[in-house]
Amino acid sequence: MLETTAMSARVEDKVAHDRDRREQRLDGLFRRVVMACALFVLVALLGAALSMLWGGKEAFQTFGPSFVWSTDWDAVNHKFGALVPIYGTLVTAAIAMVIAVPVSFGIALFLTEIAPGWLRGPVSAAIELLAGIPSIIYGMWGLFVFVPFLAENVYPWLDAHAGALPLVGPMFQGPPIGLGMLTAGIVLAIMVIPFISSVMREVFNTVPAPLKESAYAVGNTTWEVVWDIVLPYTRTAVVGGIFLGLGRALGETMAVTFVLGNAHQLSLSLLEPGNSIAATIANEFTEADSPVYISSLIALGFLLFVVTFIVLAIARLMLSRLSRQAGSHA
Amino acid sequence: MTRWQRRQAKNLVAKLLAGLATLFGLFWLVWILWTTLSKGLPALKPSLFTQMTPPPGSDGGMLNAFAGSIVMSAIAIALGTPIGIAAGTFLAEYARHTRLGAVIRFVNDILLSAPSIIIGLFVYELVVRQMGHFSALAGSIALAFIVLPVVVRTTDEMLQLVPPAMREAALALGIPQRKMVRQVLYRASMSGIITGVLLALARISGETAPLLFTALNNQYWSNNLLGPMANVPVVVFQFAMSPYEYWHALAWAGAFIVTLLVLALGLVSRGLLLPRRSST
């Protein structure tokens, strides 16, 4: 009797022990599976970079480094260069930032310091709606509504008045067709405003209230508090938010494809149609008829990838510095 | 003007400009939504959902495009969600304060805002070139790469919101860690994770660039996942760029439905998330 109890206790011990080991093994397996999935994210980004480098290899080999600064784009003679799309990408993104940064700052200022409490929620939700609209809708609205509007009402005036100015004049001379760098820049600005303004609004809200209150208490105006207290306090994150918007503007495809005009030319005028990296790829990829043509387009994609990676990496580093800062204050 | 008046005037101008900037932002929202509504609504008719995309100049609908978009989105969600939830689990539960976790989070954030056309080129190299032709499967994989970072990010954030006491209570009862994660943590953060999936769905419903040279387009109905398949964004793009008035109307109808869907998904996910935020 005594023996059997001891034995069954031993058996139970063994069962429990086996179960523990099985559970441990399965726990380890679970951990490895979720880790593999997380590593897959790393592999995806690396894979994207390598596959585009591989796909663009032929173009880089054929044209050498001059691919980056050559203005050729000749499908018949198989000569390709990236300067025109690079120029278009940079110019449209620059126009977008010139418009979007001050506007976003104004929106963030309004939503954090000026608007009454009941207005803040609805207005910020509405601004964020802009970020949710698919980019193809921006493109269609741009092509069918905004372009004709600009061509009829704004660009003829710009051409006549701003075009006559010294220095900046040549930037505003051109046929008032509505398509072009300036239009694309404005549409891009509208698209990135919600991203930049929501980052600014969030980081403005991280400024400790006592800091602002003491500034108000010694008689500062709202503007002085924002300019001298809030902005210096959040400077890195604000720059991070701007870079986040810049990353979006550089890589935006569909909206730009609609309104940029798809003209492979280098022009100083912002009213002339042009081309950007993303729009060139979207327009021409399925029409590319030779391996070196396809390879050149993928090489363009690789250049875009490198530039946006750098811009977005800077953005994330600057934003993460703020979250650590905010964490230490909390 | 005294110094005091100057400061007050400056303040007033700044406030005025900030208000104008906000109106400027809202102005575009209203204009764009109004355009989509006023051009899309008249173009809506039953034949949109019963007929295939037409050849140039004739009447038709977008049935094949809607079906293709639904199929590809479903596959993309089915591929991207499990991997995304698993990766988010790893970040929140196994690598919260580790260097590897920080690196993966950083890369995921970059993937989150990377231009979608680059995803298209990547999948073109990865799938289309290997298979030798465009396919719905390639389109789904491209969309899955857009779903992935969204789900990783929300899962990670939502799991981090679960109080440590819940984990400790479960583990103290002797529950193995994987069961604790699945039966306690996933349940506690269910609405947040679903929100992430809905947000991802909203993002891919309007994505055009990654489909242009993966799924391509198809004028006819297709049940073949290994061949090109019609989808709403690419059809809208092609029809909008065409010179035919009738195609423009179809494009506006498609654009209207996509916008409606995306905004509705946004509202639903907001509704799912709000009660959570107020309770924590």
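So that the names make sense, note that chain A is the first sequence line, chain B the second, and so on, each numbered from 1. Small disclaimer: the values here were computed from a predicted structure and weren't measured.
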Looking only at heavy atoms, which of residues 22-37 of chain A get nearer than 4.5 Å to chain B?
->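 Near chain B, by residue number: Glu23(A), Leu26(A), Asp27(A), Phe30(A), Arg31(A), Val34(A), Met35(A), Cys37(A).
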State whether the side chain of Asn11(B) and the backbone N or O of Trp223(A) hold a donor-acceptor pair below 3.5 Å, judged by distance alone.
-> yes
With a 4.5 angstrom heavy-atom cut-off, could you sort out which part of [X] is near chain B: side chain, backbone, both or neither?
X	answer
Ile193(A)	side chain
Ile281(A)	both
Leu42(A)	both
Met254(A)	side chain
Glu252(A)	neither

Do the non-hydrogen side-chain atoms of Thr308(A) and Ile118(B) ever get within less than 4.5 Å of each other?
->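 Answer yes - side chains close enough.
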State, yes or no, whether a side-chain contact exists between Phe305(A) and Phe122(B) at a heavy-atom distance under 4.5 Å.
-> no
Contact part of Phe237(B) toward chain A, heavy-atom cut-off under 4.5 Å: side chain, backbone, both or neither?
-> both
Segment of Arg105(B) engaging chain A (4.5 angstrom heavy-atom cut-off) =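 When you check distances to chain A, no heavy atom of Arg105(B) falls under 4.5 Å.
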From the list Ile190(A), Asp20(A), Leu45(A), the residue making the most non-hydrogen contacts under 4.5 Å with chain B is Ile190(A)
